[in-house]
Amino acid sequence: MIEDLNSIRSDFPIFEFNPKLVYMDSAATSQRPKKVIDKVAEVYTQYNSNVHRGIYSMAEKVTEEYEDARKEIAAFLGTSAEELIFTKNTTESLNLVAYMLLPKLKNGVITITELEHHSNILPWRKVASLANAEIKTVAVDQEGKINEADFEKKISGTSVFSFAHVSNVAGTTLNAKKMIRTAKAEGAITVVDGAQAAPHIKLNLHDMGADFYALSGHKMLGPTGIGILYGNKKLLEDLEPPFSGGEMVKEVHAEGQEWNDVPWKFEPGTPNFAGAIGFGEAVKYLEKIGMGDIELYEKKLGRALVEELTKIDGLEYIGPMENRASLLSFKLRGYHPHDIAAFLDTRSIAVRSGFHCAQPLHEKFGFFDGSARASLYFYNNMEEIESLARALKELVKL
Amino acid sequence: MIEDLNSIRSDFPIFEFNPKLVYMDSAATSQRPKKVIDKVAEVYTQYNSNVHRGIYSMAEKVTEEYEDARKEIAAFLGTSAEELIFTKNTTESLNLVAYMLLPKLKNGVITITELEHHSNILPWRKVASLANAEIKTVAVDQEGKINEADFEKKISGTSVFSFAHVSNVAGTTLNAKKMIRTAKAEGAITVVDGAQAAPHIKLNLHDMGADFYALSGHKMLGPTGIGILYGNKKLLEDLEPPFSGGEMVKEVHAEGQEWNDVPWKFEPGTPNFAGAIGFGEAVKYLEKIGMGDIELYEKKLGRALVEELTKIDGLEYIGPMENRASLLSFKLRGYHPHDIAAFLDTRSIAVRSGFHCAQPLHEKFGFFDGSARASLYFYNNMEEIESLARALKELVKL
Amino acid sequence: MSYFFIENIMDHYKNPRNMKEIKDANSVFGDSNPTCGDTVKIFLKVNEGKIDDIGFQGHGCALSMASSSLLTEMAKGSELQEALKITENDLMKELGITELGPNRIKCIALPVKTLKMAIIQYLSKANHAGGGT
Amino acid sequence: MSYFFIENIMDHYKNPRNMKEIKDANSVFGDSNPTCGDTVKIFLKVNEGKIDDIGFQGHGCALSMASSSLLTEMAKGSELQEALKITENDLMKELGITELGPNRIKCIALPVKTLKMAIIQYLSKANHAGGGT
Ligand SMILES: Cc1ncc(COP(=O)(O)O)c(C=O)c1O
Ligand SMILES: Cc1ncc(COP(=O)(O)O)c(C=O)c1O
């Protein structure tokens with residue numbers, strides 16, 4: 001159980017540097033524990049050299065650390081290491097899979113949902129325009145939950161189904177396993193945007209059955225510039241790499257080339273090896289705390305967030321009342337979201353305002369000015385939620 | 001003048017951690033000074049939050065640092081900040097520009113040279129196959145220099161001309177300005193792979209006239225996972241972004257979207273902001289030492305490398321005798337390049353062996369087992385070159 | 001100091017000056033900041049090269065509304081050439097803000113840009129019509 | 001300790017055993033490590049399920065050549081089923097190497113893999129031919 005929160009907070013140097021900070025923007029990017037920051041510095045200080053192929057000692061060491069990080073993350077996600085492609089973030093992962101699937105999309109149908117982040121909308125619009133494919137969007141109800149009937153209808157005949165596992169605005173968690181089963185029965189390839197799920201939920205991707213799963217290291221204690229695209233091994237072996245360059249080939253001749261094995265054939269160029277190794281350390285840290293415990297604790301935070309904030313007069317939010325992720329996107333009658341965030345900043349509370357890269361969803365719910373979003377992680381606590389509520393009440397009285 | 005080398009070396013923590021290390025693999029990745037390592041840790045410790053749009057103080061601070069880094073790098077390269085796209089490495093930069101230019105390549109001609117790294121070959125093969133374009137390859141002579149007559153012949157009618165400014169195997173430096181002028185007179189768009197030039201040469205991209213220029217931060221003292229694609233503003237404004245997602249749009253609606261201004265429309269998703277800020281710090285460090293001085297000093301190193309190593313019986317190298325970058329790719333009769341590197345490792349000398357992602361070039365020169373490559377930077381010195389030569393002589397006697 | 005505690009800003013925000021439509025305006029220009037949903041529309045009544053009357057309508061955060069209000073005050077009665085010269089910095093000075101992060105500058109830039117466009121539109125119309133009222 | 005200073009390795013490298021073509025081999029298999037240009041070709045003379053004679057030809061670094069040489073020594077005279085079981089680890093032990101980085105393991109893996117393929121090829125041919133010599 002997460003009880004000794006003080007000890008957890010002291011693992012994060014930013015709270016030491018800024019003890020008053022109430023950081024509620026973890027859905028944008030999380031804070032990072034000392035272990036991760038130190039690990040990155042360790043790479044640069046002790047065995048910095050390029051991964052793969054180098055056969056002097058430092059190069060062997062860094063390659064080992066890099067591939068060990070991949071194994072660590074694979075175990076964490078319930079996959080095997082050769083199914084994990086290192087990218088720079090979720091957005092690159094989604095663009096990569098979209099271009100990988102392009103040859104299979106000719107005149108096909110791509111289905112997404114109304115909950116998507118721009119990163120899971122725009123790449124599909126791009127490949128749809130290249131492949132003359134159609135995009136269908138599954139509707140959500142007033143609580144931001146999938147409209148089951150609409151899903152059943154739209155999934156039929158779909159070539160690729162891509163959806164957010166957890167919405168970064170509504171806080172809805174989708175029943176990924178069930179939806180994937182339905183989609184696969186229709187012959188669809190399934191892609192999951194796990195940017196907001198992987199940091200908060202114990203995952204087992206093999207059990208879930210997704211063909212592809214995308215996530216960002218920086219949202220789950222890792223360094224910036226490192227992400228993952230998980231891909232089912234069989235598919236990875238069959239598909240062509242859309243991007244190419246050094247390190248992802250076995251042979252290149254004046255005519256023709258032979259790709260490397262998976263996953264390396266999808267990792268052209270020098271990877272962010274310090275970032276990957278740091279991400280491995282982040283995952284170790286999460287394992288130590290325990291994803292099960294994190295999930296339980298954050299459920300409490302999510303519930304408290306709704307309870308405390310809905311006491312405020314004129315506050316409206318997007319998403320379900322119950323079973324929500326520990327984030328809340330809201331507006332306050334008479335106050336522009338920017339003003340809410342700017343005012344909270346005077347109280348050292350960091351929340352984001354705007355559309356959070358999900359403008360169609362905001363428009364659907366009539367949030368034309370966007371929203372203010374408080375997004376929490378396991379290093380937050382109940383007192384901070386009370387501080388947030390108190391500050392908002394102050395604002396309303398101003 | 002670079003004279004006080006001891007003080008420079010003490011800026012790099014890896015030499016303190018491993019005082020015997022003779023690091024001669026900087027063409028693969030450079031070492032990083034303490035200032036850069038510390039800057040990355042500073043971001044994570046003092047104002048870690050996502051760039052753009054956040055309006056609380058930390059988000060403002062990190063956005064400012066991120067955009068200041070872009071300005072710093074722009075000044076360093078002789079461009080304006082809005083022409084610099086942050087990528088993860090040269091390879092991503094080259095893939096990005098190749099896909100950006102895809103719509104202009106239909107049935108066109110792409111010209112490259114025999115000196116190219118796989119990262120400047122394979123992306124062009126990919127878009128050539130998509131656009132039904134032809135690839136022409138300008139030959140080099142026995143010294144690894146451009147065959148001028150062949151260049152004149154092949155450049156005619158070219159849609160895109162892409163070439164390595166400095167070869168990572170032969171050490172040849174091309175006359176970029178002159179070749180660009182010729183290519184532009186033929187109506188070609190010019191792309192330069194600057195991975196091995198930017199770390200070593202004082203650049204002024206506006207003066208050079210390239211339309212695009214790609215480079216990697218990790219080869220010039222910066223963190224891993226950060227690179228640059230410079231693009232001429234007019235072209236950047238006209239071209240469509242091939243990759244998309246959060247942060248690179250002004251508006252997204254159920255139907256349609258409006259891209260952000262340049263350069264942001266080419267930067268989908270959360271950037272490697274800690275990496276970019278660290279890269280800004282690296283460039284400041286290089287400015288302080290002085291690129292002019294680095295160039296002069298490395299000329300000396302390059303000359304000494306050839307002089308000392310060619311004294312060894314049975315050694316053959318690729319590239320020009322004079323005017324070479326401070327790197328040497330060589331083989332030694334009777335010794336496989338792997339054995340050379342493994343033996344040098346026992347003497348704490350780190351060199352790379354293999355094809356260095358430039359297999360066609362090795363094959364051209366009959367180096368079918370690849371080569372061993374010693375690549376130096378301004379933190380290397382003459383004594384280290386002597387140590388290398390001594391160790392190779394030892395090997396020959398073994 | 002945060003703009004929340006600068007009286008001048010809060011005063012302009014809560015009691016905006018010149019927040020009105022001008023029916024017989026001779027130039028009307030509207031623009032928006034799509035990333036945050038802010039909108040501003042400016043109405044100009046120009047007479048012999050001077051801004052006789054100015055109004056604005058809009059919708060957005062306190063900063064953008066207060067700066068629109070203040071801007072109309074500053075512009076009212078001035079020569080077009082003078083009004084064209086008003087910058088974000090002038091507004092900040094008048095509002096009493098010493099610094100503003102990169103993500104908020106655009107809240108102030110929107111009304112400045114919109115006024116500029118309204119004036120330019122007026123001038124080019126006047127030009128077209130054969131040179132001045 | 002680096003392999004340069006392990007006598008056994010240097011001995012096998014400089015005086016490779018069984019480095020020969022076998023003209024009447026009943027299985028020949030060649031493979032390569034394209035990333036470093038190493039090649040190995042293995043010749044097998046099998047009799048009643050036993051390796052009567054074995055030869056190799058090849059080209060590569062000291063590690064790959066020494067391990068090819070040693071491997072032929074280990075396999076010679078053994079049952080096919082036994083020879084199939086030889087792993088990279090066994091070779092390392094015999095050579096006297098305690099650890100090997102990820103980028104060098106493949107130098108040892110190449111001859112092991114090649115021998116395996118030569119045996120499998122022999123077995124499937126034998127099978128096709130109606131079951132055993
Ligand atoms: C000439 C050249 N181009 C491109 C690259 C690729 O750089 P990166 O691996 O950082 O993408 C390299 C580095 O190996 C290089 O030397
Ligand atoms: C649901 C969702 N998908 C995708 C992304 C994009 O992640 P990144 O910016 O790390 O690429 C985010 C993060 O903002 C997100 O919340």
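Just so it is clear: chains get the letters A, B, ... in the order the sequence lines come, proteins before strands, and each one is counted from 1. If you're wondering where the values come from, they're calculated on a predicted model, not measured in any experiment.
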Top residue by heavy-atom pair count (under 4.5 Å) with chain B, among [options]?
options	answer
A:Thr137, A:Asp25, A:Asn18	A:Asp25
A:Arg125, A:His117, A:Glu16, A:Met58	A:Arg125
A:Thr45, A:Leu21, A:Leu344	A:Thr45
A:Gln257, A:His356, A:His362, A:Lys219	A:Gln257

Separation between [atom1] of [X] and [atom2] of [Y], rounded to the nearest 0.5 Å:
X	Y	atom1	atom2	result
B:Glu247	A:Ser119	CD	OG	8.0 Å
A:Thr270	B:Glu92	OG1	CD	12.5 Å
B:Glu255	A:Ile135	CD	CD1	9.5 Å

Least distance between heavy atoms, [X] atom then [Y] atom:
X	Y	answer
B:Arg352	A:Ala59	NH2-CB, 4.3 Å
B:Tyr44	A:Thr224	OH-N, 3.0 Å
B:Pro123	A:Ser244	N-OG, 3.3 Å
A:Ile14	B:Asn48	CD1-N, 3.6 Å
A:Phe86	B:Lys88	O-NZ, 4.3 Å
A:Pro242	B:Lys126	O-CG, 3.7 Å

B:Ala214: partners by side-chain contact (heavy atoms from CB on, under 4.5 Å), with sequence neighbours left out: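 B:Ala214 satisfies side-chain contact (heavy atoms from CB on, under 4.5 Å) with B:Thr90, B:Ser93, B:Leu94, B:Leu229 only.
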
Any non-hydrogen side-chain atom of [X] less than 4.5 Å from a side-chain atom of [Y]?
X	Y	value
A:Leu122	B:Val252	yes
A:Val351	B:Tyr56	no
B:Pro360	A:His253	no

Residues, nucleotides or ligands: over 12 heavy atoms within 6.0 Å of A:Lys364 NZ: yes

Considering only heavy atoms and a distance below 4.5 Å, find which of [options] pairs most often with chain A.
options	answer
B:Glu240, B:His218, B:Lys34	B:His218
B:Ser49, B:Ser26, B:Ala98	B:Ser49
B:Pro271, B:Pro268, B:Ser30, B:Ser348	B:Pro268
B:Ala350, B:Ala274, B:Pro223	B:Ala350
B:Ala358, B:Gly245, B:Ala341, B:Gly269	B:Gly245

Is it the backbone or the side chain of [X] that comes under 4.5 Å from a heavy atom of chain B, or both, or neither?
X	answer
A:Tyr23	side chain
A:Asn272	both
A:Glu363	side chain

Is the ring centre of B:Phe243 less than 6.0 Å from the ring centre of A:Tyr99? yes

Excluding sequence neighbours, so at least two apart, what forms side-chain hydrogen bond (donor to acceptor under 3.5 Å, both in side chains) with B:Ser353? B:His338

Atom group of B:Val51 that falls short of 4.5 Å from chain A, counting heavy atoms: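 For B:Val51, backbone heavy atoms alone lie under 4.5 Å from chain A.
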
Interface moiety of B:Ala28 toward chain A, non-hydrogen atoms closer than 4.5 Å: both

Side chains of A:Ser57 and B:Asp345: donor-acceptor distance under 3.5 Å anywhere?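 Looking only at side-chain atoms, B:Asp345 and A:Ser57 do form a donor-acceptor pair, the distance falling under 3.5 Å.
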
